[in-house]
Every structure is written in C-alpha cells, then in structure tokens.
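Order of the sequence lines sets the chain letters (A, B, ...), proteins ahead of strands, with each chain counted from 1. Just so it is clear, the structure is predicted and the values come from calculations on it, not from any experiment.
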Amino acid sequence: MRNIVLRANDGADHVISVAAASLCKTVASLLQDLEASKGEDTDPLIVPLPNVCNCTLQKVLGFCEQQRAFDELCTASPAAQQADLTRQIQAWQMEYMQVSTDELYHLVMAAHYLNVPRLLDLCTDAMAERIRGKSPAQVRECFGLKPSLSPEEEEEIRRSNLWALN
Amino acid sequence: MALHELPSDILRRVVLLLCDMDMAQLSMSCRRARKLVAEEPLWEQKVSEIVRNDPAFQAISEETTESLRAWLGGPSFKVIYKLFVSLGLWPEGIWREQPSLNHKQRCKGSMHKISCIPGGVFLAETFANQRHAPSFQLTLQEREERWPVLRLAAYNGELSPAYWQTVNVALVEPGPQSMPQGTPARMKGSAAVPLSRWRPYKPSRNDADRLEHQGPGSVILLFCCHMPPLPFPNAVAPLPAAPGLQPSADAILGRLQGMYSTYYGPHGMEFLHITYGDMDLPLANLLPHGKCFAGLKVTGDPNVPAGKLSFCVSADNVKLGSYSGFEHEEVAPGEYANVYRDIVRFGPGDNFELVAIEERPVIARYYGLGQINASTQLWAPKWVEVQVIAYSDVKPTFSLLWADPGRHWRHIMDFTAMQLSRRPALCDMPQQA
C-alpha cells in the first residue's frame with residue numbers, strides 16, 4: 001500500500017491513508033492517474049499543495065480521517081443505531097465548524113482546491129448560517145467587507161426586493 | 001482574505017442555501033454580492049427547485065426550466081420566481097376580483113378559479129354567479145420591476161375566437177395611481193364553451209398597440225387574494241385532548257369547517273366550502289334531522305356546477321372507531337353479506353391509485369348523500385349514498401367515500417385544507433414609494 005504525503009505551503013508534510021485521501025477527489029484522481037501510468041508502486045506519493053497552509057491542511061485532514069471513521073461505523077452498525085450515529089456525526093460537525101470567519105475562508109478554499117465535496121457542503125452551510133438573519137451592515141461587519149454601495153444604491157436594491165423583504 | 005476573494009462558484013453555492021429575505025439582505029451588502037444575487041442561473045435553479053419540490057407544481061414538474069420559460073412567454077427567471085412566490089407559488093387557486101374603483105362593472109367583485117391548461121396558459125373561470133365558463137386567459141409578462149404582471153386576454157363571449165382583447169391585470173392591491181388606463185365594459189360570461197375551443201394565447205407585437213389604444217370592450221380586472229367571507233383553516237385544530245376518551249361525533253366535525261380542495265377525477269381540482277351546523281337544506285326528507293356537515297362547491301364542473309352542494313352527511317348517522325373497509329351490502333336480491341370492494345382514489349389527470357382504508361387512522365364515519373348529475377347539458381341531479389370519513393391524523397383531513405353501487409370498486413376523495421398562509425397578503429404590502 002502506497003503512502004500519501006500532502007505537503008503544505010510551508011513545507012510541513014502530512015501522511016494520510018489512501019482511504020482518507022479518497023475523500024479528496026483531487027488527490028484521488030492524481031493517485032488513479034499515477035497507478036494507471038506506472039502500475040503498483042510503493043514509493044510514497046508526495047503532493048505539494050502551494051495554496052494550502054499547514055494549519056488549514058491539518059484541519060482538512062482531521063475532517064477526512066474522522067469522516068472515514070464515521071463511514072466505517074455507519075456500514076458496520078445495525079439500522080437501529082443509525083439515527084443515533086447521525087446525531088453523533090452532526091454534533092461532531094457542529095463542533096468542527098466552530099472556527100473564525102478567516103479560518104472558514106481558508107477552509108472553504110482548501111476544500112474547493114482539494115475537491116472534498118462533503119467538507120465543501122459543510123463549509124457553505126456554515127457560511128450561509130452566518131449570513132442568515134443579518135442586515136446588510138451586519139453582513140459587512142461579519143465578513144469584513146467595506147461598504148461599496150452608496151446609500152442610494154442600497155435603497156434602490158431594497159425597493160426592488162420589497163417582495164422578499166416583507 | 002475576505003468574502004469577495006472567494007471564487008464565484010463557492011459563493012453561488014452559499015447564496016442558493018439562503019432564503020429570499022437573506023438573499024435580498026446580502027445583495028445590499030456589497031457590489032459583488034449584488035452582482036451575484038442578480039445572476040440569472042441562480043434564479044433558474046431556484047425556479048427549478050421550487051417546481052421540483054412543491055406539490056403545487058406536480059403538473060409541470062417534468063418541464064425543464066427553459067420550456068417553462070418559453071411556456072410563460074419568456075420573462076426572466078427572477079420574474080418567474082417572484083411570480084411563484086408572490087402568488088403563493090403558483091397562480092392556481094381561487095381569486096377574488098377587485099371591484100374597479102371608479103367604474104361600474106357588471107362582474108364587480110366576482111370570484112375566479114385560475115388554473116393552468118396545457119400550453120402553459122392560465123385559465124380563469126368566473127364562478128360567482130354559478131356560470132361554469134372559461135372567462136379569460138392569462139399569460140405572464142415582465143412589465144414592472146417590482147411585480148410580475150399577468151397580461152390578460154379576455155374572451156368576449158361571442159364565440160368569435162378571432163376576437164381577443166388584451167388588458168392589464170395588476171396583481172397588487174390597486175391604489176388610484178396603479179390603475180391601468182382604459183375603458184371598462186361589461187364582461188359577458190360565455191355559456192359552456194368547451195375547452196377545445198380555447199386557443200392558447202400568444203403574445204404578439206400588436207399587443208402593445210392594443211394596450212395603447214384600448215377601445216370599447218376592453219376589461220380591466222385587478223386581483224387580490226382576499227376572500228373575507230369564507231374562513232380558511234390554515235391548519236385544522238387538533239382534537240381536544242381527552243386521554244382514554246373517544247372524541248364526540250360532534251367535536252370531530254366541528255373542527256373541519258373551512259375551505260378545502262380535492263380532485264374530482266377527470267374534472268381536476270375543485271374547491272369546496274365546508275360548513276357544519278343546523279342547515280336549511282332541500283334534503284329534509286332524505287336525511288335525519290339534526291346537525292349536518294355539508295360541502296358546497298365553490299368551483300364546479302360541467303356535471304355539478306359551482307354553487308351546488310356536493311355532499312351532505314348527518315352528524316347523528318355515525319359509526320365511531322376504526323374501519324376495516326367491509327360494508328354490509330346487498331350482494332343478490334334480498335341477500336346481504338359483508339363485502340370488501342377496492343377503494344380507488346382518482347388524482348390529477350388520468351391517475352388513480354388503490355387506497356388501503358383499513359390502514360388509515362379512521363375515527364368516525366358519517367353517512368349521508370352526495371349529489372351527482374349524469375348530463376353536462378341538463379341539470380337533473382340525483383342523490384346517492386356517501387360517507388364522510390374523519391381521521392385522527394391531520395392529513396388527509398377527511399375523505400368522502402362514494403358507495404358506487406353496482407361497481408366492483410368504490411371511489412374516495414381526500415380533502416386538503418387550503419393553506420392560505422403560503423400566500424402573502426398582497427394587499428398588505430406597502431405601496432411603492
């Protein structure tokens with residue numbers, strides 16, 4: 001079995017299992033291409049990730065390993081325990097998403113780059129959750145945006161969206 | 001790193017998770033968000049989600065978004081979406097016509113059933129005066145930023161299909177300033193025009209001219225969705241909790257009053273006003289005295305038109321408890337037995353399915369009479385045996401089971417309480433500044 005090493009932009013290496021790596025579609029397809037061209041090989045596959053910093057990579061890998069473990073639990077446990085397990089997974093995901101907005105940006109970018117669909121879903125959910133129920137000013141504050149619309153423009157958008165705002 | 005540095009496709013995914021209100025708020029926060037929320041593919045996706053997920057769209061759920069758009073005359077998806085939302089997702093349903101403010105109109109304040117016919121045209125039927133006749137068709141037009149406007153092609157009732165009129169229909173509570181200009185006229189009902197005579201209305205270049213110079217004979221109708229005299233149960237009240245105690249036959253029926261919809265087989269969806277109490281009905285010799293539970297047709301069909309009773313059952317002629325589906329019936333002259341006949345429910349179109357009545361949480365059955373009329377040309381009704389079936393569950397709220405003597409099956413209709421809460425009260429919307 002081949003080892004996979006993901007290298008963050010600061011040079012730190014992380015070894016992950018093939019099973020966990022299969023959740024990252026980018027890495028998985030890389031691995032597939034390599035095996036197709038070279039056949040079985042035991043050399044470690046080193047994947048440099050110049051866009052991903054060390055702490056974000058750690059966070060992403062934590063997700064992959066944990067999801068892998070949950071998947072195995074799901075297939076192994078009887079139907080009666082599935083609901084319980086789902087609750088457990090949701091609780092873990094909630095805990096996992098307790099990050100700052102900046103961390104969330106990096107995480108969503110890494111999930112996008114590494115193509116981890118489930119993590120991407122989780123991140124977009126978390127971002128939507130942070131937008132929900134907020135006024136435009138609160139959205140700007142939460143995401144560190146500078147006001148780029150004039151008050152007149154803002155008023156114009158408000159008027160054309162009255163159907164949704166009431 | 002900030003929100004605007006994220007790739008657009010990630011942001012699109014986030015925006016799609018938001019509700020309309022949050023989307024509007026977000027679009028006011030910065031230029032990037034404004035641009036993103038205005039994107040047409042986003043609205044296309046929202047339209048397709050609404051069509052796929054809402055049962056109200058069952059009839060068109062197979063349509064692609066593009067065919068839907070072509071069908072509606074080509075407005076933007078945002079406008080289609082707004083129409084769906086502001087009309088309670090789909091204009092199908094009962095609408096009351098707003099009496100014109102400063103004109104005398106013959107059809108003042110009458111009610112219409114708006115439904116969708118093949119070809120993507122909304123058909124409105126006037127039913128306030130018991131006519132069951134298509135009165136006009138509606139197509140969607142993008143005319144105003146704030147509200148989608150339905151354009152209306154009125155049928156003049158003279159059986160001359162070449163003569164169509166186009167008029168404005170604004171779907172807002174009219175203020176004097178929002179009244180489209182035009183000359184009002186009598187609107188004639190056309191008696192029993194077969195649907196096949198109706199041509200799908202196609203917007204043409206001449207429409208604009210016609211709108212500019214509306215001659216005598218054009219009609220202005222303004223719709224709003226308030227129908228104050230009839231109660232709409234948003235949710236049927238749960239039965240009074242009495243542990244270990246069977247609710248009384250009276251309590252079960254009392255909570256079911258209001259507006260309901262159901263499918264009358266090939267006639268499609270119709271609406272009924274259900275009342276309960278002491279009634280002065282022309283059935284005194286057929287039903288036992290006492291309180292009655294009756295369904296009045298608010299929309300009708302060629303057989304039993306609007307304004308007629310569909311059924312009436314007696315609160316006293318009741319069997320409480322669950323139902324096995326077996327009935328004591330005459331199987332041969334003078335010979336009775338407990339028989340089970342398949343129970344069939346007709347749905348939209350030609351669909352039907354078998355109903356396992358014994359698996360439903362039946363709590364009571366009330367016997368009475370239902371009205372049928374064999375001819376579409378002649379009003380010669382007959383009263384036949386029916387039973388109203390009440391459930392402990394809230395969906396379906398109640399059913400009407402027809403005896404259908406002489407058949408191998410019986411047919412059942414499930415009644416759904418009209419959910420008016422989905423429909424925002426357009427009249428309550430603030431006037432545009």
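- Heavy-atom neighbours of Gln138(A) CD from other residues, nucleotides or ligands within 6.0 Å: above the threshold of 12.
- Considering every non-hydrogen atom in both Asp22(B) and Gly133(A), the closest pair reads OD1-N, 2.8 Å.
- Pairing each heavy atom of Pro7(B) with each of His112(A), the nearest pair is CG-CD2, 4.0 Å.
- Glu153(A) touches chain B through its side chain: at least one heavy atom from C-beta onward sits under 4.5 Å away, while N, CA, C and O do not.
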| Residue pair Ile131(A), Met23(B): steps toward the side chain to side chain contact (heavy atoms under 4.5 Å, CB included) verdict | CA-CA 9 Å; Ile131(A) 295 171; Met23(B) 274 174 73; over 6 Å; no
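- Distance check: Leu18(B) CG to Thr124(A) OG1 gives 10.5 Å after rounding to the nearest 0.5 Å.
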| task | Tell me, with the steps shown, if Asp121(A) and Arg13(B) meet salt bridge (Lys or Arg N to Asp or Glu O under 4.0 Å). | result | CA-CA 9 Å; Asp121(A) 283 346; Arg13(B) 293 174 69 131; 2.5 Å; yes
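- The two residues Gln25(B) and Ser135(A) come nearest to each other via the heavy atoms OE1-CA, 3.9 Å.
- Here Leu120(A) is the residue among Leu120(A), Asp125(A), Val108(A) with the most heavy-atom pairs under 4.5 Å with chain B.
- Note: Leu6(B) CG to Phe143(A) CZ = 9.0 Å, rounded to the nearest 0.5 Å.
- One finds the CD1 atom of Ile157(A) at 5.0 Å from the OG atom of Ser27(B) (value rounded to the nearest 0.5 Å).
- Within 6.0 Å of CD on Glu39(B) lie more than 12 heavy atoms contributed by other residues, nucleotides or ligands.
- Once rounded to the nearest 0.5 Å, the distance linking CE of Met127(A) with CG of Leu11(B) reads 6.0 Å.
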| Arg132(A) and Leu17(B): CA distance, side-chain angles, deciding distance, side chain to side chain contact (heavy atoms under 4.5 Å, CB included) verdict | CA-CA 10 Å; Arg132(A) 282 191 192 119; Leu17(B) 296 170; 3.9 Å; yes
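- Nearest heavy atoms, Ser29(B) versus Pro136(A): CB-O, 3.7 Å.
- Across Leu149(A) and Met28(B), no two heavy atoms sit closer than the pair CD1-O, 3.4 Å.
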